[in-house]
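Below, chains carry the letters A, B, ... as their sequence lines are ordered, and counting in each starts from 1.
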Amino acid sequence: MAVLDAFDPARARDRNWIERVPPAYWVLGLLLLVMPAFAGDFVLYQIMGWTFLLGMIALSLMFLAGYGGMVSLAQMSFAGLAGYLVAIFGDSAITAISQGWPWWITIPLSLALTVLAATGVGWLAVRTEGIYTIMITLAIAAAFFYFTRQNYDLFNGFQGFNTILPPHLFGVDWRAPVPFYYLALFWAVAAYAAVLYLSRAPFGLALQGVRDNPRRMAALGYNVTAHRVAAYAFAGLIAGIGGILLTWQSSQISPGTIGIGPAIDVLVVAVIGGLRHPIGAFLGAFIFVLLKTFAVDVLISLGLSGERFQLLIGLCFLAIVFFSPDGLLGLWDRLRERGLRDPLTGRAKDDR
Amino acid sequence: MRAFANRHPVWSAILVVIAAIVLWLIFAIWPKGLSDAIGSKKIFLNALFNGVTLGGLYFLVASGFTLIFGLMRNVNMAHGTLYLLGGYIGFYTADSTGYWLLAFPVAFVIVGLLGVLLQYVVFRRMEGQDLRQTLVTIGISIVVADLMLWGFGGNFFNISPPSWLSGPVRTFLVTGAKSSGELVYLTYPMVRIVIFAAAVLVGLAMWLALNRTRIGMLIRAGVDDRDMLSATGARIQLVFAGVFAFGAGLAGIAGVVGGSFQSVAPGEDTRFLLASLVVVIVGGMGSIPGAALGALLIGLAEQFGSVYFPTYAVVLTFIIMVVVLAFRPQGLMGRA
């Protein structure tokens, strides 16, 4: 998994930053910015909003898995924890539990506690490697799910919380489709940029070193455990922001949001897109949301029962992991490489 | 055991004291103050028995999982699916033929064959690619779970054991004394006792087969060093397929057991996959005695937790896992 792109500082210095951003990004960015002009409320709020939020949670997994080599299935739990904490400290319909504190205490406190929890889970999970990490984080996610379902004092059990609304900041109703679209877009882009920046910063480079060869990094004087735990903390922050927004979007949080199914869905999203680049998380989320929204219609139009959409999603996931372990990004790379190669000799074409 | 006592005198003393307290709790007639403080002895004994028998069921599921992992380093996230499939196969066999005992060999053979198929199609193609194996088996479990929901519906099934096994049996344990001085004995479902005995028997047979037979020797050698074993001329792929079939078949049998204990229903697959994950994390990957110890601990923790502090029952299981991970990341019986 080569994540580092070829990067030539001498060439980069010649051009200013506007030229360094590839044109595809400009097109995509403009398209996303002007989208409310032509897209309906359903597309903005449900499809794009959900894509951004799910993409952020998957991005936190991509950061851990792609750069840190640690596949954590607990990311949905961190997101859910942040959502629950906002409901507990802030306002909801369950006035017996919700404290009703103002947003400028609630949100930072929820995020701080989420990061703390992520650090604790990370500290536990990094004691193991590879496949064990998946199992332990899955067990933690399941424990949190069953706990929220059983506990009525703090998490209000099976029902969870509802009517959790974002604060009316600057006089804007942030749950209206267009403001929420921009809110989700802003945080998704911020998280994407933060991950991209961090992957080239000294911390991210050290983390990638730890992924590739922990013993060598330890011999070079890096604290391997600290880097891994810090990666969990950062991923927990991204997942937490995504979780709060997700709670606002559906205005409720319950154990069903953070169950084992959703935890695995996050992995599915990240893997469908590809774990090699942060954009993969959002790509995967977009495809997942489209499938989840329209699979029923597709199945019915094919004459099958609409209940089988889980089967369709499962088969898509299976096909992708079976044939292309790097997800759609890997598939794209392979196609592009094939295009660059001479079909007769197998050598790279030099003029392209 | 003596070596353990010599090395850890303090731990040995603590374990002996705990064992003595537990034995006293089981056999003595409780004084009134104790019953008032933590509930009647009958509740305690029932929780204990339920925990131990649930541990037996967990052991049946988890031992196949840990055996497969120990030998082949394959993480089979579809293990819970095999369990549930075994339950459905057992239900339909017992229902259509009327023989409860027939359900076990049928479930064992069919699920075992599916295990071989899984090993041949998935794991052999992706040898050494942990993450990919995990992802593919997760995908398979999603797909098969939905196919089973499609085929068998969302209803609860219960595999009813034959008449000679159903009904309670009076045990020799005293739960209390009536005011007339007459002793009250604990009654317990016969089928649970029989199934627990069978689980112990399966465990012992596995231990003997692993430690006293030629095939067991091959498997143990394969666990230690796969490449050397195949270099000596052992047909390792055959051993792999055999172990996978056996582990999957055990999951199938466990499905029948679970169907007689509790019920067969959608969602049980994830529940038992998670249970086996926790059991092998606590007990140690690839160790059969570890799976037994872990299954017992988790079964007891679940039952006692749900009886004595219902809202925090899951936390007890979780705490056990965290403590084990914090002090012994390789598991109680695992090798570092």
Point to revise | Side-chain touch B/I281/B/V324, heavy atoms, less than 4.5 angstrom | key: no
Review point. Can the ring centres of B/F152 and B/F157 be said to be less than 6.0 Å apart?
Key: no
Practice item. Report the option among B/V280, B/L273, B/V136, B/L149 that has the most heavy-atom pairs separated by less than 4.5 Å from atoms of chain A. Key: B/V136
**Study point:** Proximity breakdown for A/L267 and chain B, heavy-atom pairs closer than 4.5 Å
**Key:** side chain
Review point. Taking side chain as C-beta onward, heavy atoms only, is B/V144 less than 4.5 Å from B/L82?
Key: no
Check your understanding: Distance from B/I140 atom CD1 to B/L118 atom CG, nearest 0.5 Å?
Key -> 5.0 Å
Review point. Is it the backbone or the side chain of B/T317 that comes under 4.5 Å from a heavy atom of chain A, or both, or neither?
Key: neither
Practice item. Give, as side chain, backbone, both or neither, the part of B/V278 having an atom under 4.5 angstrom from any heavy atom of chain A. Key: side chain
Review point. Taking the inter-plane angle between the rings of A/F155 and A/F144 on a 0 to 90° scale, is it parallel (under 30°), tilted (30 to 60°) or perpendicular (over 60°)?
Key: perpendicular
Check your understanding: When the ring planes of A/F63 and A/Y67 are compared, do they come out parallel, tilted or perpendicular, using 30° and 60° as the limits?
Key -> perpendicular
Point to revise | Under 4.5 Å from any heavy atom of chain B - which part of A/L315 | key: both
Review point. Run the ring-ring contact (aromatic ring centres under 6.0 Å, His included) check on B/F244 and B/F123 step by step: do they pass?
Key: CA-CA 10 Å; B/F244 214 107; B/F123 290 105; 5.3 Å; yes
Practice item. Please collect all ring pair (Phe, Tyr, Trp, His ring centres under 6.0 Å) contacts where either partner lies in residues 52-78 of chain B, sequence neighbours excluded, each pair once. Key: A/Y132-B/F69, B/Y58-B/F272, B/F65-B/H79
**Study point:** B/R125 atom CZ: more than 12 heavy-atom contacts under 6.0 Å
**Key:** no
Point to revise | Part of B/V75 within contact of chain A (heavy atom distance under 4.5 Å) | key: side chain
Practice item. Would you mind reporting whether A/I140 and B/M321 have side-chain heavy atoms less than 4.5 Å apart? Key: yes
Review point. For A/I260, is it the side chain, the backbone, both, or neither that has a heavy atom closer than 4.5 Å to a heavy atom of chain B?
Key: side chain
Exercise for review: Pick whichever of B/V122, B/T270, B/T134 has the most heavy-atom pairs under 4.5 Å with chain A.
Suggested key: B/T134
Study note, to complete from the structure: So, the part of A/Y146 with a heavy atom under 4.5 Å from chain B: the answer is both
Check your understanding: Of all the residues in residues 291-298 of chain B, which have a heavy atom that comes within less than 4.5 Å of a heavy atom in chain A?
Key -> none
